[in-house]
S.K.: 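What follows is a single structure, and I will ask about it in a moment.
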Number of protein chains: 2
Amino acid sequence: MEKPHLTFWFDFASTYSYLSAMRIGDMARDRGVAVTWQPFLLGPIFHAQGWDTSPFRIYPAKGVYMWRDMQRLTAARGLPFLDTPPDHWPAHSVLAARVAQLALKHPEGPEFCRQVYLAEFRDGAEIAAPETLATCLTRAGLSAALVDTATEPQNKAALRQVVETAQAKGIFGAPSFTVGDELFWGDDRLDAALDWAATS
Amino acid sequence: MEKPHLTFWFDFASTYSYLSAMRIGDMARDRGVAVTWQPFLLGPIFHAQGWDTSPFRIYPAKGVYMWRDMQRLTAARGLPFLDTPPDHWPAHSVLAARVAQLALKHPEGPEFCRQVYLAEFRDGAEIAAPETLATCLTRAGLSAALVDTATEPQNKAALRQVVETAQAKGIFGAPSFTVGDELFWGDDRLDAALDWAATS
């Protein structure tokens with residue numbers, strides 16, 4: 001029998017993706033589920049829905065609520081989180097996603113992703129900056145040179161392909177989890193998605 | 001010491017509000033939390049955000065996902081739910097909200113609300129129809145004549161006032177739960193909201 005499997009779709013600009021990134025490793029291991037970490041970009045998907053930026057910016061009431069909700073959730077889970085959104089939020093996450101694609105070819109890839117989220121939501125760092133990503137690579141035990149390789153045409157094309165795949169799967173937000181054709185949206189559904197993977 | 005208290009904001013057109021309506025009574029009783037059932041309308045709030053209808057209709061991928069998510073959740077909770085959205089979905093919920101305002105002056109009010117959700121999502125009935133609401137009133141042990149009283153100017157004005165209050169509180173979706181100034185959005189946050197009420 002094959003090991004149960006789940007794909008974790010995340011955007012580095014997404015606050016709720018941060019929540020899942022910090023716990024999916026342990027939760028999946030406990031249940032014997034293999035996880036594919038799949039960085040992608042919400043930007044092109046939001047754009048196709050007629051949004052130019054994060055819905056949290058377009059609908060301020062939702063943005064204010066989201067930050068408060070994140071404060072409550074991170075406090076309950078013992079995770080760091082900024083008191084207020086940085087000026088440069090939501091982050092331009094395309095370079096981070098390109099670097100993550102390369103980092104995730106190594107066992108240290110998930111740790112790199114966690115370091116990016118911590119730089120962003122604990123330290124308030126600008127994750128669009130190559131220096132920030134180089135630091136995160138080093139912290140995860142990977143080569144900072146991956147930042148340069150990340151912008152090679154083949155790697156950029158690979159990310160575009162991933163975004164198309166996400167849209168074709170009906171993904172419209174982050175984090176999302178897929179088990180075959182079954183889609184789960186939001187950190188609130190991580191438990192259910194892992195259960196689905198473990199029992200299907 | 002006053003009894004802990006929570007306000008439950010719901011729209012009869014909202015699928016996730018149905019989930020909360022069916023369980024909030026028991027959950028709140030178990031924790032000793034008093035609940036005010038507060039029907040309101042998402043329509044004017046969505047309209048202020050630039051939407052003419054439900055976001056689930058505007059963004060079809062989200063609508064498809066939501067229905068599947070509801071199927072999984074209702075199956076897990078043993079609740080009935082339609083296989084596909086009825087043609088008249090999302091419902092025009094204004095008359096139901098007006099009737100609920102009157103019904104909720106009686107102890108049978110919550111049962112009337114549950115009957116409306118069951119008519120809508122179990123039976124596929126058109127809840128904008130006065131006959132449907134009359135049936136729900138009867139099932140809850142209330143007078144069907146409340147349907148006529150519901151459209152009196154004073155009751156219509158009261159509902160408009162409620163929607164303004166909801167907007168002033170930063171409510172942007174349903175169900176929502178408020179404990180003082182603390183806002184929780186979504187059936188996924190019902191547990192956390194009740195905990196907040198019980199411990200604050």
Side-chain angles (χ1 to χ4, degrees), chain A residues 9 16 19 42 44-52 55-77 163 166-193 195-197 199-200, chain B residues 9 16 19 42 44-52 55-77 163 166-193 195-197 199-200:
Chain A
W9 301 80
Y16 292 104
L19 291 180
L42 276 174
I45 292 175
F46 284 163
H47 192 78
Q49 294 177 348
W51 292 330
D52 289 332
F56 296 127
R57 282 224 181 258
I58 299 173
Y59 310 114
K62 203 165 183 168
V64 168
Y65 171 78
M66 180 277 288
W67 210 266
R68 177 70 187 136
D69 191 45
M70 281 294 302
Q71 287 177 325
R72 291 188 305 235
L73 292 166
T74 51
R77 298 182 191 182
V163 173
Q167 278 181 297
K169 283 181 171 288
I171 289 175
F172 56 88
S176 287
F177 313 99
T178 52
V179 180
D181 287 338
E182 199 73 21
L183 171 64
F184 298 83
W185 170 49
D187 179 71
D188 293 320
R189 291 289 175 279
L190 177 50
D191 259 306
D195 284 347
W196 195 276
T199 58
S200 65
Chain B
W9 302 80
Y16 291 104
L19 292 181
L42 276 174
I45 291 175
F46 285 162
H47 191 79
Q49 294 177 349
W51 292 330
D52 290 331
F56 296 127
R57 281 224 182 257
I58 298 173
Y59 310 114
K62 204 166 182 167
V64 169
Y65 171 78
M66 181 277 288
W67 210 266
R68 177 68 187 137
D69 191 46
M70 282 293 302
Q71 287 176 325
R72 291 188 303 235
L73 292 166
T74 50
R77 298 182 191 182
V163 173
Q167 278 181 298
K169 283 182 171 287
I171 290 174
F172 56 89
S176 288
F177 313 99
T178 52
V179 181
D181 287 337
E182 200 72 21
L183 172 63
F184 297 83
W185 171 48
D187 179 70
D188 293 320
R189 292 289 175 280
L190 177 51
D191 259 304
D195 284 346
W196 194 277
T199 59
S200 64

S.K.: Which of residues 65-77 of chain B get closer than 4.5 angstrom to chain A, counting heavy atoms alone?
M.R.: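 Residues in range: B/Tyr65, B/Arg68, B/Asp69, B/Arg72, B/Leu73.
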
S.K.: To the nearest 0.5 angstrom, please state how far the CZ atom of A/Arg189 sits from the CG atom of A/Leu183.
M.R.: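 Answer for the CZ-CG pair, A/Arg189 versus A/Leu183, is 11.0 Å.
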
S.K.: Nearest 0.5 Å, please: how far is OG in B/Ser176 from CD1 in B/Ile45?
M.R.: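 Nearest 0.5 Å value for the CD1-OG distance: 8.0 Å.
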
S.K.: Please report the shortest heavy-atom distance between A/Phe177 and A/Ala193, naming the atom on each side.
M.R.: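 Closest approach of A/Phe177 to A/Ala193: CB-CB, 3.7 Å.
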
S.K.: Using a heavy-atom distance cut-off of less than 4.5 Å, which residues of residues 166-174 of chain A contact chain B?
M.R.: A/Gly170, A/Phe172

S.K.: Considering only heavy atoms from C-beta outward, does the side chain of A/Phe184 approach that of A/Thr178 to under 4.5 Å?
M.R.: no

S.K.: What are the two closest heavy atoms between A/Val179 and A/Ser200, and how far apart are they?
M.R.: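 Answer, listing the atom of A/Val179 first, then A/Ser200: CG1-OG, 3.9 Å.
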
S.K.: Determine the minimum heavy-atom distance between A/Thr199 and A/Asp195, stating which atoms define it.
M.R.: OG1-O, 2.8 Å

S.K.: Quick check: do B/Pro44 and B/Phe46 have side-chain heavy atoms less than 4.5 Å from each other?
M.R.: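 When only atoms from C-beta onward are counted, B/Phe46 and B/Pro44 do not touch, as no gap falls below 4.5 Å.
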
